[in-house]
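Notes to accompany the following structure.
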Amino acid sequence: MLSKKMNKVNIKKIAVLTTGGDCPGLNAAVRAVVRSGIYYKLEVLGVVRGYEGLIDNNFIEMKSHSVSNILQRGGTVLKTARSDRFMKPEGRQKAFENISAAGVDALVVLGGDGSFRGMDVFTSEHKVRSVGIPKTIDNDIYGTDFAIGYDTAVNTVVQAIDKIRDTADSHDRLFFVEVMGRDAGMIALFGGIGSGAEAILIPETNTRIERIVEILERGWSRKKTSMIVIVAEGDDAGGAYEIARSVKQRFKQFDTRVSILGHVQRGGSPSCADRVLASRLGVSAVEALLEGRNNVMLGLIDNKLSYTSYKDVASRKKEFPSELMRIAEILSL
Ligand code: F6P
C-alpha cells in the first residue's frame, strides 16, 4: 500500500476523462479515480467528452459527492466522444495549452486502443504525464487480460441469446445472432460458448459457408429443435443478414430468423466483475501516477497489475484464445 505521503513527482492536480465508445463500468472507474485522488489529497478534475473536452477546455471540479451513486450506472457521467480534432496537431496543441492553463499535472485516460494511439502521439509531442485504463466491450486491447466493459457485454449477450433460444426452440427455428466486434471476435466467442451456440463466426478466422451448412445439417440430422449461429459484426463473410441468406440457399430445412443485438451490448448496469476491475484499476492508476509511472496503460495479466507503454498498446496485437474455438466446435455436436 502506498503511504499517503509518497508522491514522488509532486502531483497536485489530476484530470480524468473517458474517451471512445462507452461501456459499462466507466462510472465505477471514474468514481475510483476521484475517490482515490481525494484520499491522496489531490485536486481532481473531470474532463467532459474526452479529448474533445481537453480541446474545448471543458473541465469540471470533482468532489467525493460528484461520484456518489454512479458505481452501478452504465454510460459515463463525464460523457465521451471520438475526436477527429485530437488526431490533428492543432487540436493536440490546444489540448496541451488547456491542460497547462488548468494546472493539471497528470491525466487518467479511460480509453481503447485508438485512444492510446492518440496518447502515444500526444505525449511524444508535449510534456504531459498520464496513465491509461483499458475499456472496451471488445476486449481486444494489448496489455491486459480484461478491459472494463467486456464482462458485462458478454453477459448481456448470453442473456439475450438465452431468450432467443426459448423462442427458437418453440418454433423449431434457426437464428443468426449478430454481436458487436468490428475487428475482434471475443464477444462472439465467449457469448457463443456461454449460450451453447451451434457455430461462432469471427473476424480472426476465415468463414466458410459450406462448413456452417455442414454443422447445421449435422444438427438437423440429430433432431435439434433450435440452432443458433453467432456472427461477429466484422466477420469476413459479411453481416448476419448476408450470411443467413447464403446459408439459406443451401440449407432450407429450418425456418430462419436474424437478430442484431447492437448497442444494447454497450449499455446497462456493470457486472460485479466489471465494477471490481474498474475500482481496482482506478485506484491503481492514481497510485501509479504518484509512484512516478508515466505514459503507460495499466492492465491485469494473470490477475496482477501490469504496465504497458502506449506504443506497445498501439502497435501490438492481443493474442486470440483460438483454443476456445475448438472447445466451441466440440460442444456444438
Ligand atoms: O469498439 C467497440 C465497439 O463496440 C465495436 O465493437 C463496434 O463496432 C463499435 O464500437 C460501434 O461503435 P459506434 O457506437 O460508433 O456505432
Side-chain angles (χ1 to χ4, degrees), residues 17-27 29 49-53 74-87 109-119 132-161 176-192 194 197 200-205 207 230-243 258-271 274 277-278 297 299 310 313-318 320-321:
L17 56 115
T18 55
T19 172
D22 71 342
C23 66
L26 285 176
N27 284 327
R49 300 189 69 240
Y51 296 149
E52 288 285 291
T76 163
V77 291
L78 291 178
K79 307 273 185 183
T80 187
R82 292 196 171 99
S83 175
D84 288 338
R85 289 189 294 164
F86 197 71
M87 315 261 245
V109 179
L110 276 141
D113 51 358
S115 320
F116 298 129
R117 204 164 295 125
M119 278 313 283
I133 299 179
K135 60 88 218 167
T136 167
I137 64 164
D138 293 345
N139 203 28
D140 59 348
I141 304 181
Y142 179 84
T144 189
D145 290 342
F146 293 103
I148 296 169
Y150 170 67
D151 183 71
T152 309
V154 280
N155 278 296
T156 301
V157 165
V158 166
Q159 282 165 19
I161 299 175
F176 289 81
V177 181
E178 186 176 295
V179 299
M180 276 189 169
R182 208 169 16 208
D183 310 303
M186 284 291 280
I187 296 180
L189 177 59
F190 274 62
I200 300 169
L201 315 184
I202 53 172
E204 288 83 352
T205 59
T207 292
I230 314 250
V231 183
E233 64 180 329
D235 188 75
D236 60 315
Y241 277 107
E242 207 177 325
I243 294 174
V258 173
S259 186
I260 313 258
L261 298 188
H263 284 77
V264 291
Q265 295 161 92
R266 284 248 295 265
S269 178
S271 65
D274 269 332
L277 177 66
M297 185 197 80
Y310 292 144
V313 176
S315 59
R316 298 182 69 168
K317 227 179 154 27
K318 183 170 178 166
F320 187 77

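On a predicted model such as this, the values are computed, not experimentally measured, just so you know. Indexing begins at 1, ligand by ligand and atom by atom, following the structure's order.
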* With no hydrogens and no angle check, is any side-chain donor or acceptor of D138 less than 3.5 Å from a backbone partner on M186? -> no

(message) Regarding S271 and N155, do their side chains bring together a donor and an acceptor under 3.5 Å, going by distance alone?
(response) no

- Side-chain (N27) to main-chain (G74) donor-acceptor, under 3.5 angstrom: yes

Exercise for the section: Could you tell me whether the side chains of E52 and S83 share a donor-acceptor contact shorter than 3.5 Å? Expected result: yes

May I have the list of side-chain donor-acceptor pairs in residues 178-185 shorter than 3.5 Å, sequence neighbours left out?
from, atom 1, to, atom 2, distance (Å)
E178, OE1, A240, N, 2.8

Verify side chain to side chain contact (heavy atoms under 4.5 Å, CB included) between Y150 and T136, making sure each step is shown before the conclusion.
-> CA-CA 6 Å; Y150 170 67; T136 167; over 6 Å; no

The protein residues that pass the under-4.0 Å heavy-atom test against ligand 1 are R82, I137, D138, M180, G181, R182, E233, H263, R266

